[in-house]
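We name chains A, B, ... by the order of the sequence lines, and we start the count at 1 in each one. Since the structure is predicted, the reported quantities are computational estimates derived from the model, not experimental observations.
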Amino acid sequence: MAIVKRPRIISIICIALVLGCLVSFFYLFAPSIKKLGGLIPAVLGLIITLQFVSVIGLWHMKRWGVQLFLISYFIRFITFYLLGILSTYQSVAAVFMTFYIIVFLVHYRKMDINL
Amino acid sequence: MVITLLKESIHFAWQSLVGNKLRTFLSLIGITIGIFLIITVFTVVDSLERNIRDSVQSLGENVVFVMKWPWTFGPDYPWWKYMNRPQPQYFEMTDIKRKTASAEAVAFRIGVRKTIKQKNNVVENAIVAGCSYEYGTIKNFDLEEGRYFTEVEADGGYKVAILGKSIAEGLFPNNEPPIGKIIKIAGYNTKVIGVFKREGESMLGNTMDNQVLIPFNYIRLLMDVKSENYEPFIAVKAKPGVTNAQLKDELTGVMRGIRRLKPAVEDDFALNETNLLSKNFDSLFDLVGIAGAIIGGFSILVGGFGIANIMFVSVRERTNIIGIQKSLGAKNYFILAQFLFESVFLSLIGGIIGLLMIFLLSLFASSAMDMQISLTQSNVVLGLTISIIIGIISGFIPAYGASQMDPVEAIRSN
């Protein structure tokens, strides 16, 4: 199994995503989120977990990291859309996420196919 | 395959947890405290919110109260102006009733503290509230036994009373049926015609448990109803389809007309709404919720680090077992799932202990405080979900590290 060298841009994105996960984790307990309904914090928690696990995959330059990141991104977008909480902040985040996805796809072929 | 994986993972996790009891306890305690803190705050806030909602509902949701003082104040409110305002009067209630088209019911209420007696049983300082007939239409009364006043009793000032539960228990301590009995309110013989259901403690302080309700035309005998020393109010209920804003607009015009206020003169009355109160409490609860979330969030995070630490130790201790498993054909995902399951299991136990502690605490608090504090289903789901999330997040890196080990090097390590 050949070790793939991780590009610096992916390292930076991974660190940014981990920080994002940390902020989102505290956001889970916000009264505004709790008011949305009983199971919503649980669903958002699942999205954060998926994103965190995908970051570990990306750090190790694994293709499943990119795939999981895409899944978590779409689940997140659909959930936020259905809940009607697509704020300006979310739109800015969406721009960044799209940029991250482009970077990941550019380096996708170099990534390891195994777990 | 999945069941085998699950069974083996549970077995490994259990062995590891039972084999290192002190370590397990120390790593669990972080998650337990975190879940305990955060879900306790949510449980208390939910219970208080429910209490307020019920109190507001019992006051009537589409009701406007004409009073001397507003319920909410800004930072620089001119209290000296409010001080000089007149108290609402009974005749104003009858005028409002006549002139307000959007009002379904209008009632006047005034209260005074009096001593109540029944034979040798005395309740001192009880709140005796006198109200006009339509108060029963506006406020959602829940009677345990008996009935509300008839219109004739209310208008005629009959000496009849409806007792709050605590008052009834104080006057009739031996479970004697109070209906039809004669009690003395400030020396006047009064017939008991009803008893309210127990309401318990109310955040707004409007519980009927320690009140006695009598007709307004009867309370005139017990007090000077025109005195400025009491806090009477006129309650106006909107007709179906009329919003509180529309009712307030009409009431402002009617009240200004009744008090003959010139156009340039400010209102000398306040129109209070129950939703103003609940909005004020909402912002307070949001603040408490945020503080609880930050404290609890950090505790859970620290607990997560504890679990991650234990998992790294666990992986290190079992490195050669991992090597043997891999050399016998175990796949990477099998090793990953084993350790991940262990950390989720550990975290979940911590969360369950935290939730159990809250459940016991809520039972104790409910019995001690005369207020229902209950751990809701959504908070239990939230607590368990957070535990699972923390288990996955803190266990994934060590578990992934274990799954990536080279079998030869893993067997060699000791």
How about [X]: does its [atom1] atom have over 12 heavy atoms from other parts shown lying under 6.0 Å from it?
{"X": "W71(B)", "atom1": "CH2", "value": "yes"}
{"X": "Y108(A)", "atom1": "OH", "value": "yes"}
{"X": "F359(B)", "atom1": "CZ", "value": "no"}
{"X": "I113(A)", "atom1": "CD1", "value": "no"}

Looking only at I389(B), V288(B), T385(B), I390(B), most heavy-atom pairs under 4.5 Å shared with chain A are made by I389(B)

Interchain contact, [X] with chain A, by part (heavy-atom threshold 4.5 Å):
{"X": "I38(B)", "value": "side chain"}
{"X": "I386(B)", "value": "side chain"}
{"X": "I300(B)", "value": "side chain"}

L46(A) versus chain B, the contacting section by heavy-atom distance below 4.5 Å = backbone

Apply side chain to side chain contact (heavy atoms under 4.5 Å, CB included) to L105(A) and list each qualifying residue two or more places apart in sequence or on a separate chain.
-> V66(A), I101(A)

Go through the structure and list residues passing side chain to side chain contact (heavy atoms under 4.5 Å, CB included) with D46(B), not counting sequence neighbours.
-> K34(A), E49(B), T376(B), N379(B)

If a pair satisfies ring-ring contact (aromatic ring centres under 6.0 Å, His included) and one of its residues is in residues 287-326 of chain B, list it, with sequence neighbours excluded.
-> F26(A)-F298(B)

Do you know which two heavy atoms are closest between P41(A) and L382(B), and how far apart they sit?
-> CB-CD1, 3.3 Å

Can you name the nearest heavy-atom pair linking F29(A) to A293(B), along with the distance?
-> CB-CB, 3.3 Å

Anything in residues 392-403 of chain B with a heavy-atom distance to chain A below 4.5 Å? Please list those residues in order.
-> I392(B), I393(B), F396(B), I397(B), Y400(B)

